[in-house]
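So the structure is just underneath, and the comments pick up after that.
Residue numbers begin at 1 in each chain, while the letters A, B, ... track the order of the sequences. Quick caveat: nothing in here was measured; it's all calculated off a predicted structure.
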Amino acid sequence: MEVLTHLAGGFAAILTPVNLLVLAIGLVLGMLVAVLPGLTLVMGVVLALPFTYKMGVAPALILLTAMYIAGTYGGAITAILFRIPGEPMDVPLLWDGYEMTRQGRTALALGWSLVAAFVGGIVSAIVMVLLARPVASIALSFSSPEFFAIVFFGLASVVTLSGASLVNSLISLCLGLLVASVGVDSIYGAERFAFGVPFLLDGIEFLLVMVGAYGIGEVLTRMNAGFPGGAPAAPDGEPRFRTAFPRLSEILAMKATFARATISGIFVGIVPGAGATVSSFVAYGLEHQYGRNGRLLGTGAPEGIVAAKSAATASVGGAFVPLLAMGIPGSGATAIILAAFLLHGIQPGPQVFVSSPLLVNTVFATVFAGVIGMCVLGYFAIRPLCKVLDAPEAIVSAFVVVFCFVGAFAQRNNVSDLYVIAIFGVLGYLFERFRFPLAPLVLGTILGPLAEGNFMTTMVSFDNDWTVFFTRPISGSILALSAAGLLWPVARALRARLRKESPR
Amino acid sequence: MNGRLRQVLPHGVMLAASVLLYWAATGIDADTGGRIGPAAWPKAIIVVLGVLCIWEIVKRLTAGSAPAARGLVNALSHNPAEVAAGIEAGSAPAPDAEHPRKLAAGIALVAAYVVAVSWTGFFVATVLFLAIFPWVGGLRRPVLAALLGLSGSLVLIVVFMRVAYISLPLGEGPFRALSLALLRAIGVT
């Protein structure tokens, strides 16, 4: 009951004209960045951040959260209609959603994706509200070894779950951790890797790494590909922008698919380092493996749409749990939302439920309202959303670069930060070129200070006894789980090699 | 350059960087009173980085195309219907051709924008950038590019400085005077 009362307070906070306007703007922007192939959801949230600097904390969080939610849906429309996955998470929709379009069932495919996003989003929002406070209470009893283990788990998961080679993922992660260690260290005040450059003494903000690597890096990558954007013709001529909902009996018949996808989406969302893309692929894989019609996936089966879309949207609520309860971002977008909290002097974590309960509940209410608003937009605004695909990519990219520059400059009014984003832009392109995943680099930069801080605090508090990480039950268990996760891809590769070498 | 040597180039560069960084880390100095010092964390990461680079270089030079350990999403990112039909992953059409000149021009433009924005101010630098970048990107419509540069910059100045209250570089000398005149004209004091 108390939970509902607090949540009502959150809804009251967003039901002001200004906050409702900000919510609507966030939803539209989120949809737009998800539809445009050159812009990713994380990039969009990064680019919106400078606009929140002078806002109050509540509208800032409403804007970014709404963008995050809507960004998980927009790409589904273009994936189903045009075979353009607006986001990597929408790739599974090509296999079944676009296949349904080819079979002349576009409207139903759009309807299934909308229902899936709604169910996944609302259920994950409920779980987020119910889970965040208890997790925060448990986190209050954690000490630095446990926090180090949790952060290590997040770093290990981003490596384990990525689609790239394990070694390249680990290298990318190490580079991110090293970038995070630049500047004056927080315990002894020693200079590290500043090389006599004054602005490096302040360290390299993770936002600059994100803006450079995701924003400018992506622009350069697409420039190298010759800006291949634009909406191709629909398979049967003019695309149909109508949505037809499945019957209730059809939805109920698929309840197991909804349950599997939503639960796996929430779980993957909670894991720091894994976001909507991983959720979407994992749920699709689960459905293929365990679904009643799993063998039909990839041939235009609605189960494929439901699995991928429910899980992607469900990951949003999941990702907010570690952010709010422990101050650990569960995805790239929540890392930006963490930055918005910190810019307004609020540290998410166990204490925020006591110090800023209204703000926490405003975020909760925004997730609920955002899911509903996203579905309304997804139903009524398909045609105008698809129109943005006609915008020449070269022009869109030019504006993306300018927004990146403004975002980087506005944070500290420091021209040196522009050099940093340009360098990370080129690095982002090189990473893409040589198949090093960007997510571990970025997550290493974000979680690096947390990992090092908790590691050093533990070592200082426990007289340099590193075994404490393994002898304390919670940290030991989490570290063992992380190690198992890291070894799992190695075991799979070994098994594949043995199978290849074994005589038939 | 030999194909395999080209394959190990990025890891070779990172190995060299890790050696240099380790050397830099040995110079991190603090009075720790016998406790673990500020160099321990970065040194440990550099060692891991170096070992990973050596491992990958040796593997690529010796093992060739042996299956590599990959993350979970890699295993899931194939259409199951295509897999069942025996269509190999990776048999998809080759990606579009690369445009190295376009890329080089893009990098040069971004670098020029970084330098120009502090010297000429946000407005002038952005007018030029918004006009030139789409042209480099393949949009061959000079009038549209010029209009885009001018109108885009004006809109962005109004949005950022008047609506979002973000302070942007004004430039130096005459460019500063121009930026200030423009700000006065749009009502930013």
Show your working on side-chain contact (heavy atoms from CB on, under 4.5 Å) between B:V13 and A:F434 and close with a plain yes or no. CA-CA 12 Å; B:V13 170; A:F434 293 107; over 6 Å; no

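- Between the CG atom of A:L177 and the CD1 atom of B:I45 there is a distance of 4.5 Å, given to the nearest 0.5 Å.
- The minimum heavy-atom distance linking A:L220 with B:L103 is given by the pair O-CD1, 3.4 Å.
- For A:F405 and B:F122, the gap between ring centers reaches or exceeds 6.0 Å.
- Residues A:F436 and B:H11 share a closest heavy-atom pair of CZ-NE2, 3.4 Å.
- Interface remark: B:T126 contributes side-chain atoms only to the contact with chain A (heavy atom separation under 4.5 Å).
- To the nearest 0.5 Å, the span separating OG on A:S397 from CG on B:L139 amounts to 11.5 Å.
- When heavy atoms are compared at a cutoff of 4.5 Å, B:L21 approaches chain A by way of both its backbone and its side chain.
- Between the side chain of A:R192 and the backbone N or O of B:P38 there is at least one donor-acceptor pair closer than 3.5 Å.
- Considering all non-hydrogen atoms of both residues, B:V48 and A:C174 come closest at CG1-SG, 3.8 Å.
- Heavy-atom pairs under 4.5 Å with chain A were tallied for B:I166, B:I36, B:L49; the largest tally goes to B:I36.
- Within the 4.5 angstrom heavy-atom criterion, atoms from both the backbone and the side chain of B:A25 approach chain A.
- The two residues B:V136 and A:M223 make their nearest non-hydrogen contact at CG1-CE, 3.4 Å.
- In this structure, chain A has no heavy atom under 4.5 Å from any part of B:W135.
- Here the closest non-hydrogen pair linking B:L168 and A:F409 is CA-CE2, 3.7 Å.
- Between chain A and the options B:G27, B:G106, B:P169, heavy-atom pairs under 4.5 Å are most frequent for B:P169.
- Under the 6.0 Å cut-off for aromatic ring centres, A:F403 and B:F160 qualify, their centroids lying closer than that.
- Ring geometry for A:F455 against B:W41 counts as tilted: the plane angle lies between 30° and 60°, on a 0 to 90° scale.
- Contacts of B:V117 with chain A are made by side-chain atoms alone, with heavy-atom separations under 4.5 Å and no backbone atom involved.
- In terms of heavy-atom proximity, B:F129 sits nearest to A:A398 at CE2-O, 3.5 Å.
- Within 6.0 Å of the OH atom in B:Y165, the count of heavy atoms belonging to other residues, nucleotides or ligands does not exceed 12.
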